[in-house]
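These numbers come from the heavy atoms of this one structure, side chains and all, not from hydrogens, waters or symmetry mates.
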Amino acid sequence: MLLVICTSLGAEMLPENEAQLHYTQVFFRWNQIPNAESYQFTLQNMATGEELELNVLENSVLQTDFLDWNSTYTWSICGLDTNGENIFCSEIYSLDINPLPDYFPSTDNLFIDETLYQDGVTVMDIESLNFSGGVNRFGIPIWFVDKNLFDIRFTFTHFLPNGNVIGFEPDKGYEIDLNGNRIFETPDGYSLHHDFIKTSRNTYFLISATIEDQYCPEECNEMLPDEIPWQGDTFREFDQDGNEIWSWNTFDYFDSTEYNPYYVQTYNGNYEMDWTHSNSVFFDENTESVFISVRNLSWITKIDYASKDLIWNLGQTDFMNEIYFDVDLNFSQQHSVQVLDNGNLLFFDNHRYLTPELSRCMELSYDESDYSVEIVWEHQLPENMFAGSRGECDRLENGNTLITAGRSGHILEVTPDHEIAWHLEFDNGEIFTSSYRSERIPNLYPVAFSLSMNEYVGDVENPFVEPINGVITTNIHNSGWSEGWYLYGLQDASGVEIISDSVFVMPFEDVLFNIDVNGLPSSTYSLEVYPDHAPDKLQTFEFSLHGSIFLGDLNSDGELNILDIVILANLVLSGDNSNAAGDLNQDGSQNILDIVLLVNIILEN
């Protein structure tokens with residue numbers, strides 16, 4: 001039994017020929033070459049002639065440190081047999097790495113302790129310059145989002161397990177790919193500020209400004225009217241089609257007597273009184289709860305997702321009608337509240353309007369049964385890193401914490417014992433540099449895989465798979481850092497799925513799975529493989545199967561002749577579809593069209 005794959009060498013090739021990229025870490029992938037035991041991968045800089053040559057066992061390679069900005073490269077691959085001899089060499093492909101924009105600030109001012117550092121790429125927004133980007137361990141830029149692709153800016157919020165990026169600009173939230181192409185954007189008509197996230201349920205949360213007229217509190221300037229506009233917030237959730245499926249409005253759950261007098265005293269009648277100024281939203285799947293950071297009240301609020309009930313407020317008690325945690329944690333104007341795997345809260349305390357004004361990261365544990373809370377860990381920043389606003393703290397895999405120090409222009413990694421493992425200070429001359437958030441990822445590719453089959457032989461013009469005992473062994477070669485289930489399905493020519501299953505793939509590990517093709521008739525089939533968390537990364541193999549069923553050989557004598565025509569004609573007349581060899585056009589039934597096909601095949605031979 002032979003499985004013949006008819007496909008061009010570049011059908012699943014990455015990157016596309018003549019691609020123009022905004023990043024210098026590139027995943028290369030090509031179709032398997034029959035009989036190849038290994039591959040020679042060649043990458044060359046067109047301007048300098050510098051060449052990189054690698055011998056690899058898989059039909060893919062992730063290159064992280066050879067490519068440079070503003071350069072054109074060519075690349076090609078050759079399949080090698082067991083003796084290291086060339087079987088086949090591809091055509092030469094090209095790609096362009098675009099110039100690094102001149103608005104990317106200098107990253108030369110960097111400290112790193114290699115013994116303490118969590119390896120990877122640091123991606124961040126540079127909000128004051130209206131764009132986002134990423135640097136490697138040495139501060140060298142490796143990715144940027146072209147701000148000219150957006151109306152105002154792209155403010156990074158999260159790097160997703162599917163390899164896409166989440167971010168926003170005023171009144172618009174986006175999911176984009178590495179090159180800035182839009183995968184999703186929020187519908188028109190909704191305001192958006194400070195945060196935009198995507199959940200593992202493939203929904204999106206954002207913060208919208210909401211304005212209502214309310215009374216003018218006693219701290220108001222006496223020249224103001226009795227009623228003034230208050231600006232609160234509505235937290236909204238959207239599905240993948242842009243439909244709003246959940247919302248929570250601060251005006252519905254906070255009492256109007258709960259306000260910070262400072263923002264009433266400083267309100268001068270222009271615009272709105274800035275009541276809540278929320279700056280982050282976090283959905284916790286373990287508790288089915290939404291956590292929000294309400295900056296101007298210095299509160300962290302927990303909301304039950306299903307009922308929308310306010311579970312508790314934590315923070316500045318002077319503005320609370322109902323006090324839940326009766327303890328002074330002395331934080332204010334906090335930012336980016338997250339729930340850690342251990343259930344603790346981690347956030348950035350701007351510590352604004354307190355004495356002394358020194359920003360810090362805080363990790364809190366709490367117990368709702370008795371409303372107790374304690375500071376588990378904190379790291380106070382020096383005076384020159386006082387943020388005032390913005391800022392984030394991220395817990396890394398090695399236990400360190402990545403700190404984005406808001407408006408100070410500093411991003412640093414510290415150990416649990418407060419040692420500095422990595423410290424980047426942006427230098428942008430006299431231009432102010434600030435960031436909301438940063439994140440550390442292993443590289444730009446959580447999803448990067450190629451496929452091969454163990455029994456793939458023949459030549460490039462006529463490749464085929466010869467199954468062993470009717471089974472094909474397929475390999476997933478994984479260079480990505482995310483883990484999850486990979487789904488695969490075998491479809492017939494009409495698109496009907498006849499085999500489906502899944503396999504779990506760990507980061508940077510290869511996995512194989514077997515496909516039983518016994519009993520399948522000769523026809524065209526396609527094998528589709530994709531990660532459950534990244535269906536857009538689907539790979540497809542189309543092939544022709546010469547199976548154990550020889551189409552047209554109704555009497556199974558190994559030949560096609562007049563006897564087969566007679567048998568097929570009788571089956572058609574009797575309406576008997578039991579012999580699969582009679583369905584020559586694979587439309588699921590046996591009729592005059594199959595008889596015509598069989599006659600033509602016999603006459604041609």
Side-chain angles (χ1 to χ4, degrees), residues 157-158 160-161 166-168 173 175 184 186-187 190-210 231-240 242-255 258 275-316 319-320 322 324-325 331 333-349 362-369 371 373 392-395 436-437 439:
T157 58
H158 295 286
L160 297 175
I166 289 290
F168 70 95
E175 179 177 349
F184 172 86
T186 54
Y190 293 91
S191 68
L192 191 161
H193 67 86
H194 278 88
D195 205 4
F196 180 62
I197 67 170
K198 186 178 184 180
T199 71
S200 63
R201 306 188 304 184
N202 292 320
T203 63
Y204 303 84
F205 277 91
L206 58 80
I207 309 174
S208 288
T210 302
Q231 179 169 303
D233 295 296
T234 298
F235 300 85
R236 307 181 191 275
E237 182 185 17
F238 293 86
D239 64 18
Q240 296 181 85
N243 301 307
E244 184 176 345
I245 59 176
W246 188 92
S247 65
W248 195 91
N249 188 333
T250 54
F251 283 103
D252 296 333
Y253 294 91
F254 295 164
D255 194 90
E258 298 176 302
W275 178 34
T276 53
H277 199 110
S278 301
N279 55 32
S280 75
V281 56
F282 185 96
F283 178 72
D284 180 37
E285 297 179 3
N286 293 325
T287 61
E288 289 283 314
S289 303
V290 178
F291 290 78
I292 63 175
S293 170
V294 187
R295 193 199 75 168
N296 282 6
L297 297 178
S298 296
W299 288 359
I300 297 168
T301 301
K302 182 179 179 181
I303 304 161
D304 179 70
Y305 177 81
S307 67
K308 301 186 182 181
D309 290 341
L310 191 157
I311 300 176
W312 47 252
N313 289 316
L314 170 67
Q316 176 57 260
F319 318 135
M320 289 184 194
E322 181 177 357
Y324 299 85
F325 300 88
F331 67 81
Q333 306 276 299
Q334 75 290 333
H335 203 280
S336 293
V337 174
Q338 304 177 48
V339 180
L340 299 177
D341 291 340
N342 61 9
N344 291 349
L345 301 178
L346 182 68
F347 59 93
F348 187 84
D349 172 22
M362 297 183 70
E363 179 183 350
L364 306 180
S365 66
Y366 65 92
D367 188 338
E368 293 178 352
S369 65
Y371 290 110
V373 61
E392 183 178 65
C393 307
D394 283 326
R395 185 59 43 81
Y436 279 102
R437 300 170 178 87
E439 187 174 337

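- If you take CD on Glu322 and CG on Leu310, they are separated by 8.5 Å, rounding to the nearest 0.5 Å.
- Listed for the Thr157 side chain is no donor-acceptor partner under 3.5 Å among the backbone atoms of Ile197.
- Between atom CG of residue Leu206 and atom OG of residue Ser191 there is a gap of 8.0 Å, rounded to the nearest 0.5 Å.
- Defined by atom type and a distance below 3.5 Å, a donor-acceptor pair is missing between the side-chain atoms of Asp233 and Thr250.
- Taking both residues in full, the closest heavy atoms of His193 and Ala209 are given as CD2-N, 3.6 Å, listed atom of the first, atom of the second, then distance.
- No hydrogens or angles considered: a donor-acceptor pair under 3.5 Å links the side chains of Asn313 and Thr301.
- Side-chain contact between Ile166 and Tyr204 is present, with heavy atoms from C-beta onward closer than 4.5 Å.
- Of all the heavy atoms in Leu192 and Phe196, the pair that sits closest is CD1-CD1, 4.0 Å.
- Thr210 places a side-chain heavy atom less than 4.5 Å from the side chain of Phe251.
- Note: Asp239 CG to Asn202 CG = 10.5 Å, rounded to the nearest 0.5 Å.
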Using the rule given for side chain to side chain contact (heavy atoms under 4.5 Å, CB included), can you reason through Gln333 versus Asn296, listing the C-alpha separation, both sets of side-chain angles and the distance that settles it, and then say yes or no? CA-CA 6 Å; Gln333 306 276 299; Asn296 282 6; 4.0 Å; yes

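- Taking the six-membered ring for Trp and thresholds of 30 and 60 degrees, His194 and Tyr436 have ring planes more than 60 degrees apart, a perpendicular arrangement.
- With a 4.5 Å cut-off on side-chain heavy atoms, Glu368 and Lys302 count as touching.
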Would you please test Trp299 and Phe319 for ring pair (Phe, Tyr, Trp, His ring centres under 6.0 Å) and show each step? CA-CA 9 Å; Trp299 288 359; Phe319 318 135; 7.3 Å; no

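- With hydrogens and angles ignored, the 3.5 Å screen pairs a side-chain donor or acceptor of Gln338 with a backbone N or O of Cys393.
- Of all heavy-atom pairs spanning Ile311 and Tyr371, the tightest one is O-OH, 4.2 Å.
- The line from CG of Asn344 to CE of Met362 is 12.0 Å long, rounded to the nearest 0.5 Å.
- Salt bridge status for Asp195 with Arg437: present, with a side-chain N to carboxylate O gap under 4.0 Å.
- Salt bridge present: Glu288 and Arg201 bring a charged side-chain N and a carboxylate O closer than 4.0 Å.
- Crowding of Asp341 atom CG: a count of heavy atoms from other residues, nucleotides or ligands under 6.0 Å not exceeding 12.
- In this structure, the side chain of Ser247 does not engage the main chain of Arg236 through any donor-acceptor pair within 3.5 Å.
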Between Leu345 and Val339, is the side chain to side chain contact (heavy atoms under 4.5 Å, CB included) condition met? List the steps. CA-CA 5 Å; Leu345 301 178; Val339 180; 4.0 Å; yes

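- Note that OH of Tyr324 and CG of Leu314 are 11.5 Å apart. Values are rounded to the nearest 0.5 Å.
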Start with the C-alpha gap between Thr234 and Tyr190, add the side-chain angles, then the distance that decides, and say whether side chain to side chain contact (heavy atoms under 4.5 Å, CB included) holds. CA-CA 10 Å; Thr234 298; Tyr190 293 91; over 6 Å; no

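- The minimum heavy-atom distance between Thr203 and Glu237, with the atom names listed, is OG1-OE2, 2.7 Å.
- Expressed to the nearest 0.5 Å, how far OH of Tyr253 lies from CD of Glu258 amounts to 14.5 Å.
- With contacts defined as side-chain heavy-atom distances shorter than 4.5 Å, the pair Phe291/Ser289 qualifies.
- Counting heavy atoms from C-beta on, the side chains of His158 and Glu439 come closer than 4.5 Å.
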As a quick check of understanding, evaluate ring pair (Phe, Tyr, Trp, His ring centres under 6.0 Å) for Phe347 and Phe331, giving each step before the final call. CA-CA 10 Å; Phe347 59 93; Phe331 67 81; 5.0 Å; yes

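- Taking all atoms of both residues into account, the shortest heavy-atom contact from Val337 to Ser293 is CG2-CB, 3.6 Å.
- A centroid separation of less than 6.0 Å is found between the aromatic rings of Phe254 and Trp248.
- The shortest non-hydrogen separation linking Leu297 to Gln316 is O-CB, 3.5 Å.
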Dump the intermediate steps for ring pair (Phe, Tyr, Trp, His ring centres under 6.0 Å) on Phe205 and Trp246, then the final yes or no. CA-CA 9 Å; Phe205 277 91; Trp246 188 92; 5.7 Å; yes

